[in-house]
Participant: 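Once you've had a glance at the structure underneath, I'll fire off some questions.
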Amino acid sequence: MRFFLILTSLFFLWPNLQAQEKELAVMAPLMLAGKWTGKLTQDKGGIARTYYYEIEISLDGQDIVGTGMIRAGRMFGYFNLKGRLEGTKVTLEDIEITNEEIKERAAWCLKKMPLKFRFQDSKYKLIGPWSGVVPWRDCSPGEIELEKASIRA
């Protein structure tokens with residue numbers, strides 16, 4: 001019986017979820033440009049487990065350009081980044097570090113971030129995993145959650 005209820009619920013919810021995804025794909029080009037703030041987490045092996053992270057991006061069609069900033073305590077890094085928007089998929093990549101303060105024998109990861117554009121808790125969000133490299137090895141990966149306050153009428 002429980003299986004039947006779940007199956008029935010999915011049957012009625014699926015069209016609604018598809019409509020929401022289409023609506024978000026329409027909103028993404030309109031809402032993506034600007035400042036996004038939040039956190040970046042990293043699995044064991046990094047400088048910290050949680051970092052403050054922000055990006056400022058603009059769109060030219062589906063192409064994204066911008067800057068990013070990461071901070072852990074007094075350490076920080078500034079990056080140029082590029083990316084692409086495809087529906088609700090936002091793919092970002094650090095191109096270069098433009099300024100940094102970091103402890104000796106450490107480096108900021110150049111990240112690749114396949115994120116999803118979402119609307120949750122009355123906010124637009126970019127959520128997803130990240131992976132990266134430093135000159136001598138791969139970085140411990142993690143997750144990113146950025147948000148931008150929604151526009152209220």
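FYI, side chains are in, hydrogens and waters are out, and symmetry mates aren't considered; it's all heavy atoms of this structure.
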Participant: Taking side chain to side chain donor-acceptor pair (under 3.5 Å) as the test, write out the residues that go with E93, two or more places apart.
Facilitator: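 Here no residue qualifies.
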Participant: Minimum heavy-atom separation for R74 to E101, with atom names?
Facilitator: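 Shortest heavy-atom separation between R74 and E101 comes out as O-CG, 4.1 Å.
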Participant: Side chain to side chain contact (heavy atoms under 4.5 Å, CB included) for I57 and L32? Distances and angles first, verdict last.
Facilitator: CA-CA 7 Å; I57 55 177; L32 207 56; 3.8 Å; yes
Participant: Answer yes or no: are there more than 12 heavy-atom neighbours, outside K82 itself, under 6.0 Å from its atom NZ?
Facilitator: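 No, the 6.0 Å shell around NZ holds no more than 12 heavy atoms from other groups.
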Participant: Can you spot which of K125, Q120, K39 makes a side chain to side chain donor-acceptor pair (under 3.5 Å) with E145?
Facilitator: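 Only one of K125, Q120, K39 forms a side chain to side chain donor-acceptor pair (under 3.5 Å) with E145, namely K125.
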Participant: What verdict does the side chain to side chain contact (heavy atoms under 4.5 Å, CB included) test give for F117 and L126, after you've listed the backbone C-alpha separation in whole Å, the side-chain angles of each residue and the deciding distance to 0.1 Å?
Facilitator: CA-CA 5 Å; F117 177 72; L126 292 173; 4.1 Å; yes
Participant: For W108 and V134, which heavy atoms make the closest approach, and how far apart are they?
Facilitator: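 W108 and V134 have their closest heavy atoms at O-CG1, 3.6 Å.
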Participant: Between K148 and A33 (side chain of the first, backbone of the second, donor and acceptor by atom type, cut-off under 3.5 Å), is there such a pair?
Facilitator: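 Present.
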Participant: Any side-chain to backbone donor/acceptor pair from T91 onto G83? Under 3.5 Å, distance only.
Facilitator: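 Looks like no, no N/O pair under 3.5 Å.
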Participant: Does T37 form a side chain to side chain contact (heavy atoms under 4.5 Å, CB included) with Y52? I'd like the steps, not just the answer.
Facilitator: CA-CA 8 Å; T37 61; Y52 172 80; 3.4 Å; yes
Participant: State, with a plain yes or no, whether a side-chain heavy atom of I64 is found less than 4.5 Å away from one of R84.
Facilitator: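 Contact flag for I64/R84 side chains = no.
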Participant: Near Y78 OH, under 6.0 Å, is it more than 12 heavy atoms from other residues, nucleotides or ligands?
Facilitator: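 It does not: Y78 OH has 12 such atoms or fewer within range.
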Participant: Between L115 and I144, is the side chain to side chain contact (heavy atoms under 4.5 Å, CB included) condition met? List the steps.
Facilitator: CA-CA 8 Å; L115 306 174; I144 293 175; 4.2 Å; yes
Participant: Of all heavy-atom pairs between W130 and S140, which one has the smallest distance, and what is that distance?
Facilitator: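 Heavy-atom minimum between the residues: CH2-O, 3.2 Å.
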Participant: Please confirm whether the backbone N or O of F79 pairs with a side-chain atom of D94, one donor and one acceptor, at under 3.5 Å?
Facilitator: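 Here the side-chain-to-backbone pair does not exist.
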Participant: Should Y53 and L146 count as side-chain neighbours, where that means a heavy-atom distance under 4.5 Å?
Facilitator: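 Touching, per the 4.5 Å side-chain cut-off.
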Participant: So which atom in Q42 and which in C109 form the shortest heavy-atom distance, rounded to 0.1 Å?
Facilitator: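 Taking every non-hydrogen atom into account, NE2-SG, 4.2 Å.
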Participant: Take a 6.0 Å sphere around CZ of R137 and say whether it holds more than 12 heavy atoms from other residues, nucleotides or ligands.
Facilitator: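 It does: R137 CZ has more than 12 such atoms within range.
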Participant: Considering only heavy atoms from C-beta outward, does the side chain of P129 approach that of P114 to under 4.5 Å?
Facilitator: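 Yes; the side chains approach each other to less than 4.5 Å.
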Participant: Between K35 and E56 (salt bridge meaning N to carboxylate O under 4.0 Å), is one present in this structure?
Facilitator: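 So K35 does not pair with E56 through a salt bridge.
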Participant: Compare all side-chain heavy atoms of T98 with those of T67 and state whether any distance is below 4.5 angstrom.
Facilitator: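 No, too far: nothing below the 4.5 Å cut-off.
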Participant: Would you say CG of N99 has more than 12 non-hydrogen atoms from neighbouring residues, nucleotides or ligands within 6.0 angstrom?
Facilitator: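 Result for CG/N99: enclosed.
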Participant: Does the Lys NZ or Arg CZ of R71 fall within the cation-pi geometry relative to F76 - under 6.0 Å from the ring centre and within 45° of the axis?
Facilitator: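 No, R71 and F76 do not form such a contact.
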Participant: How long is the straight-line distance from CE of M31 back to CG of L24, given to the nearest 0.5 Å?
Facilitator: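 Spacing of CG (L24) from CE (M31) equals 11.0 Å.
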Participant: Using 0.5 Å steps for rounding, measure from the SG atom of C139 to the CD1 atom of I47.
Facilitator: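 So the gap between those two atoms works out to 9.0 Å.
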